[in-house]
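Predicted model only: the values in this text are computed from it and were never measured. Throughout, protein chains are lettered first and strands after them, A, B, ... in sequence-line order, and every chain is numbered starting at 1.
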Protein chains: 2
Amino acid sequence: MTKKLAKSAISQKRVLDAAARIFRDYGYAGTTMRAIADEADLRAGSIYYHYKSKDDLISAVLDIGIRAVTDNVEAALKSLPDTATGRERIEAAIRAHLSAIIEVGDYTLATRRALGQVPEAIRARNTRMRDQYGSVWQKILADAHERGEFRTSANLTLARLFILGALNWTVEWFKPGGRSIDDVAREFASVVLDGLSGNGATAAIAQEVPPPAKAKRSAPRISAA
Amino acid sequence: MTKKLAKSAISQKRVLDAAARIFRDYGYAGTTMRAIADEADLRAGSIYYHYKSKDDLISAVLDIGIRAVTDNVEAALKSLPDTATGRERIEAAIRAHLSAIIEVGDYTLATRRALGQVPEAIRARNTRMRDQYGSVWQKILADAHERGEFRTSANLTLARLFILGALNWTVEWFKPGGRSIDDVAREFASVVLDGLSGNGATAAIAQEVPPPAKAKRSAPRISAA
DNA sequence: TCCAAAACCTAACACTAGTTAGAAAATAGG
DNA sequence: CCTATTTTCTAACTAGTGTTAGGTTTTGGA
């Protein structure tokens, strides 16, 4: 049995992780193959052994970014009992979305920074994946509405845009070592469902401060606003 | 009276507007002086008569982006009567924020695309301006809370991040000719204050479709999700 | 130990970037 | 019309871009 092409998956991932970090910091056009190579402890030419072009690399990064979120949310929803309420589903989806984008934060941020500059064909494919994810949320909201859990005047499409916008923005300010994902998810769900003036049954948020988190190089801050 | 330096403000603005559109589409690194020149019907070298460098240009674009929002929101708040409720202030601020980022959409989008790639010093200054705007919102929410309009468990900081995240994301999906800014603002305020399950007094959103809007070249879509 | 496959490196190619100096054109007041 | 000022253009320079061909080292099984 001749196992011909079996590129070391680990060094390929090293390149990919490095690419995500550089794309995250410098966007698509601002990223040079030489910078990625530096980050991965390689020379520029060597990258082409693993990926056949810069476009090939950014494609892989973009796909991982959205797929991590989609898979995580769908798994979380599937693991809920059939008896779960709309509220429970929404809260679970928010938590799953948050933990996914924090987990693969480099890829998520790289997407936000680079997607707008990427060649048309690449962006089109990724956008299709993202729209598909949007329809998952549309379904969650529609189900909850049908169950009578929402006021009749609620505009589900606008609500979805509102929720996903707020969630996607979290990567800009969320820093590990501060608030826990669970707390943020709970409060977000509470705002979306009960509103700020409503009488949500939400417990007060405990300001936990876990281990100070290793000081890795992090993305440039964009400010909360 | 020797009026020496009085550069035509109009052709300077032509360059600036062109720069905003190109930065919006290609980010900071992806934007070339030659592309800006093309958009402004000039040759690359001529830009340097109005702005002394690429960094000088992006700085101007970034500042306009955040200042338009800050000024518009503060003006809207100031125009309210002292008797205005917290809800009214929040709704007014949302509407003002939305109309500002739609109005100067090229500059706002350029900011979102380019800010992360811009040289440190430039970003730092702009980030300070943005944080300042965040504190305006913090004050709006704190006032409403003190007036007893919020449930006691509400976390104002998270709520602010949530609201501003959702608002900033609107530039990705809002297109003139569809929903009106007023409708979006009203529904957003309703979600934030009453929640989806609360019994807000919000009127049903009318799906108005005004004049089809001139077909200018628009930013590449990023998908709602 | 030997050797083929895998992984990486070197050095270069064609091209494009921001920027500049100086010439040319447009403009406006007298 | 003349001329001084403002505005734009031309043409180039240096530095850095993605990519490639071909050589070198490393690796792991026989």
Side-chain angles (χ1 to χ4, degrees), chain A residues 1-23 25-62 110 113-114 117-122, chain B residues 1-23 25-62 110 113-114 117-122:
Chain A
M1 266 170 278
T2 51
K3 269 218 205 160
K4 284 294 167 68
L5 27 125
K7 299 185 185 179
S8 153
I10 87 136
S11 71
Q12 177 154 351
K13 181 155 188 352
R14 205 178 77 229
V15 172
L16 196 62
D17 283 347
R21 282 191 295 272
I22 303 298
F23 280 128
D25 289 353
Y26 302 102
Y28 173 73
T31 289
T32 72
M33 299 301 271
R34 286 166 179 86
I36 296 177
D38 260 21
E39 181 83 10
D41 263 312
L42 276 182
R43 304 308 167 91
S46 308
I47 295 181
Y48 289 81
Y49 177 76
H50 298 286
Y51 295 89
K52 73 173 193 295
S53 72
K54 186 183 179 182
D55 286 2
D56 203 31
L57 254 178
I58 187 67
S59 284
V61 169
L62 294 180
R113 294 275 150 76
Q117 315 169 30
V118 133
E120 180 57 29
I122 296 177
Chain B
M1 267 172 275
T2 53
K3 267 217 204 163
K4 287 293 168 70
L5 25 125
K7 298 184 186 180
S8 153
I10 87 136
S11 70
Q12 178 154 350
K13 180 155 190 348
R14 206 179 75 230
V15 172
L16 196 61
D17 283 348
R21 282 192 294 272
I22 303 298
F23 280 128
D25 288 353
Y26 303 102
Y28 173 73
T31 289
T32 72
M33 299 300 271
R34 286 166 178 85
I36 296 176
D38 259 23
E39 182 83 11
D41 263 313
L42 277 181
R43 304 307 168 91
S46 308
I47 295 181
Y48 290 82
Y49 177 76
H50 298 285
Y51 295 89
K52 72 173 194 293
S53 71
K54 186 182 180 184
D55 286 1
D56 203 32
L57 254 178
I58 187 69
S59 285
V61 170
L62 294 180
R113 293 277 150 76
Q117 315 169 30
V118 133
E120 181 57 29
I122 297 177

Output the rounded distance in Å from [atom1] ([X]) to [atom2] ([N]).
| X | N | atom1 | atom2 | result |
| --- | --- | --- | --- | --- |
| B/K54 | C/dT20 | NZ | C1' | 17 Å |
| B/D56 | C/dG18 | CG | C1' | 14 Å |
| A/I47 | D/dT20 | CD1 | P | 13 Å |
| A/K52 | D/dG18 | NZ | P | 17 Å |
| B/Y26 | C/dA17 | OH | C1' | 16 Å |
| A/D41 | C/dA7 | CG | C1' | 14 Å |
| A/Y48 | C/dA12 | OH | P | 18 Å |
| A/Y51 | D/dG18 | OH | P | 17 Å |

List in numerical order all residues of residues 28-38 of chain B for which some heavy atom is under 4.0 Å away from an atom belonging to DNA chain C.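 B/T31, B/T32, B/M33, B/R34, in order of number.
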Any salt bridge (charged side-chain N to carboxylate O under 4.0 Å, His left out) pairs touching residues 44-58 of chain B, not counting sequence neighbours? none
Looking only at atom types and distance, does a side-chain atom of B/R14 sit under 3.5 Å from a main-chain N or O of B/A40, one as donor and one as acceptor?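 It does hold such a pair.
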If you apply the rule side-chain contact (heavy atoms from CB on, under 4.5 Å), what do you find for A/M33 with A/R43, and how did you get there? CA-CA 9 Å; A/M33 299 301 271; A/R43 304 308 167 91; over 6 Å; no
What residues, two or more places apart in sequence or in another chain, satisfy side-chain hydrogen bond (donor to acceptor under 3.5 Å, both in side chains) together with A/D17?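 With neighbours one apart ignored, the set is A/K13, A/Y107.
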Would you say [X] places a side-chain N or O within less than 4.0 Å of OP1 or OP2 belonging to [N]?
| X | N | value |
| --- | --- | --- |
| B/H50 | D/dT6 | no |
| A/S46 | C/dC9 | yes |
| A/Y49 | C/dA7 | yes |

Going by the side-chain contact (heavy atoms from CB on, under 4.5 Å) test, name the single residue among A/I22, A/D25, A/L57, A/I58 that passes it with A/T31. A/I22
Which is it for B/L16 and B/Y51 under the side-chain contact (heavy atoms from CB on, under 4.5 Å) test, yes or no, and what are the steps along the way? CA-CA 9 Å; B/L16 196 61; B/Y51 295 89; 3.5 Å; yes
Taking the side chain as C-beta and beyond, is there a heavy-atom pair between A/F23 and A/L62 under 4.5 Å?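 No, too far: nothing below the 4.5 Å cut-off.
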Compare the minimum distances between each of C/dC8, C/dT20, D/dT10 and the side chain of A/L42, then state the nucleotide with the smallest one. C/dC8
